[in-house]
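Atoms within a ligand are numbered from 1 in the order they appear, just like the ligands themselves.
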Amino acid sequence: MGRFTLRKILYLYCISSIVFILWLLNYHMSIRENDDWEERIATLNQRLAKKQTQLDESRQLIINYEEKLHKCRMLKPYPKHFNSSLPTIYLITPTYDRIEQRAELTRLYYTLLHVPNIHWILVEDSDRKTDKVRRFLANCQIPYTHLNVATPEQLKLKSSDPNWLKPRGVLQRNAGLTWIRSSLDPQTNRGVVYFADDDNTYSVELFEEMRSTKKVSVWPVGMVGGLRYESPICDRNLVTGWEVYFKPDRPFPIDMAGFAVNLQLFFDHPSAWFSNNVQRGYQESTILKLLDVTMADLEPRAEKCTKILVWHTRTEKYKIKNEAKLKLKRGKGTNPNIEI
Ligand code: UGA
Ligand code: MN
């Protein structure tokens with residue numbers, strides 16, 4: 001009986017040892033396997049994350065290309081080919097930061113897209129070039145030059161001032177002239193200079209009228225000087241007088257939008273500049289006098305000054321009157337990151 005029990009115990013011991021060893025082995029294996037799986041899952045997750053970023057990047061790339069494609073389609077009407085037989089129109093546009101700015105520039109740009117051989121000199125009234133205009137120009141499909149110069153504080157128009165109190169765009173037009181005189185070659189560059197404010201409305205036809213300017217070409221301007229239009233009075237191909245009410249005795253009673261000058265004249269008269277120290281309404285007369293222009297030099301355009309091809313439009317000042325109220329009502333105004 002004793003022997004039998006001992007043997008039994010021995011068997012039991014052996015079996016349980018084997019079971020234990022098997023269990024230990026199995027346990028060990030499963031831990032390793034688990035570790036393996038965890039490692040594998042971690043690597044797979046990493047790979048997934050990487051692929052996700054790649055996918056996001058590709059998605060962004062597609063969006064960018066779609067945007068570019070969209071722009072190309074939008075710009076289709078612009079005849080991109082440069083016609084070397086045509087003189088270039090150098091358009092000097094002063095501009096300044098305000099809520100209406102991008103709307104004005106967009107409208108003007110879309111007009112210019114229809115004009116071949118044009119070079120847009122956009123001059124910001126500011127200490128430095130703003131990101132807003134930089135971004136705007138980056139998307140422009142016409143030749144341009146981006147400049148800036150700030151009007152000194154004491155000469156700057158305040159928003160409460162009447163708009164005629166101080167001259168506008170003077171230093172900016174001069175900066176444009178400096179660029180022209182220093183970057184163009186009077187021997188090889190043929191062209192016409194036009195001072196185009198950013199808020200006027202220009203017919204595409206106007207640019208073809210001015211392109212052939214020998215010295216100074218002139219035409220009527222709509223909605224200016226308190227009249228329906230102001231205009232040179234023409235007798236055949238000569239200007240004999242002026243249809244104006246405001247200061248008719250000025251040497252050249254004409255709005256900035258009403259004349260263009262042959263490029264050569266600015267090289268021939270290197271000290272012709274605009275000035276902040278002239279009487280109201282005398283900017284145009286000042287520059288034309290300094291360019292030695294006489295009445296006999298004026299070349300009537302736009303069907304002997306009978307067609308209005310440019311309008312002295314002025315955009316109504318926009319009042320952001322509900323932004324503060326919205327903030328009060330719901331804790332925040334409209335998204336400041338959206339550029340208007
Ligand atoms: C009229 C004439 O059409 C302008 O050519 C002339 O410069 C101006 O009067 C003047 O007497 O100085 P107006 O419509 O009254 O123009 O002037 P704005 O359109 O307000 O300004 C003319 C240009 O100067 C615009 O291109 C405008 O963007 C720019 N400007 C205006 C500045 O660069 N800085 C300013 O602070 C204000
Ligand atoms: Mn204006």
Trp242 and Phe252 aromatic ring geometry - parallel, tilted or perpendicular at 30°/60° bounds: perpendicular
Atoms in ligand 1 with a heavy atom of His312 nearer than 4.0 Å: 1 (C), 2 (C), 3 (O), 13 (P), 14 (O), 16 (O)
Nearest-contact summary for atom 26 (O) of ligand 1 - protein heavy atom, Å: Pro94 O, 2.7 Å
Pair Asp198 + Arg98, salt bridge at N-O below 4.0 Å: yes
Sidechain N-carboxylate O distance under 4.0 Å for Asp197, Arg173: yes
Where ligand 1 meets Asp199 - atom numbers and elements under 4.0 angstrom, heavy-atom basis: 14 (O), 19 (O)
Numbering as shown, the atoms of ligand 1 that approach Gly169 to under 4.0 Å (heavy-atom distance): 24 (O)
Arg134 to Phe136, cation-pi by 6.0 Å centre distance and 45° axis angle: no
Minimal non-hydrogen separation, Met256 against Gln283, with atom names: CE-CB, 3.9 Å
Basic-acidic side-chain contact under 4.0 Å: Arg211, Glu209: no
Closest to atom 13 (P) of ligand 1 among Arg280, Arg168, Met256, Arg98 (heavy-atom distance): Arg168
Cationic N near anionic O, under 4.0 Å, Lys156 to Asp125: yes
Heteroatom distance test (Lys156, ligand 1): nitrogen or oxygen, under 3.5 angstrom: yes
Lys327 NZ to Thr334 OG1 distance, which is reported to the nearest 0.5 Å: 10.0 Å
Distance from atom 35 (C) of ligand 1 to nearest protein heavy atom, with residue and atom: Asp125 OD2, 3.5 Å
Distance filter under 4.0 Å to Arg314 heavy atoms, resulting ligand 1 atoms: 13 (P), 14 (O), 15 (O), 20 (O)
Contact (N/O only, under 3.5 Å) between Glu284 and ligand 1: no
Heteroatom proximity flag, Asp255 to ligand 1, N/O under 3.5 Å: yes
N, O or S atom of Asp197 closer to the Mn ion (ligand 2) than 2.8 Å: no
Asn148 side chain vs Ser126 backbone, donor-acceptor pair below 3.5 Å: yes
Selected option - heavy-atom contact closest to atom 23 (C) of ligand 1, from Val123, Asp97, Asp197: Asp197
Check: Phe259 ring centre within less than 6.0 Å of Tyr194 ring centre: no
Atom name in Asp199, limited to N/O/S, at shortest distance from the Mn ion (ligand 2): OD2
Nearest protein heavy atom with distance in Å, relative to atom 30 (N) of ligand 1: Tyr96 CD2, 3.4 Å
Distance flag, aromatic centroids of Trp179 and His119, threshold under 6.0 Å: yes
Asp198-ligand 1 polar pair, N/O distance under 3.5 Å: yes
Under 4.0 Å to a heavy atom of Pro167 - the qualifying atoms of ligand 1, by number: 12 (O)
Ligand 1 contacted by Thr95 (non-hydrogen, < 4.0 Å): yes
Ligand 1 versus Arg173: contacting region, heavy-atom distance under 4.0 Å: side chain
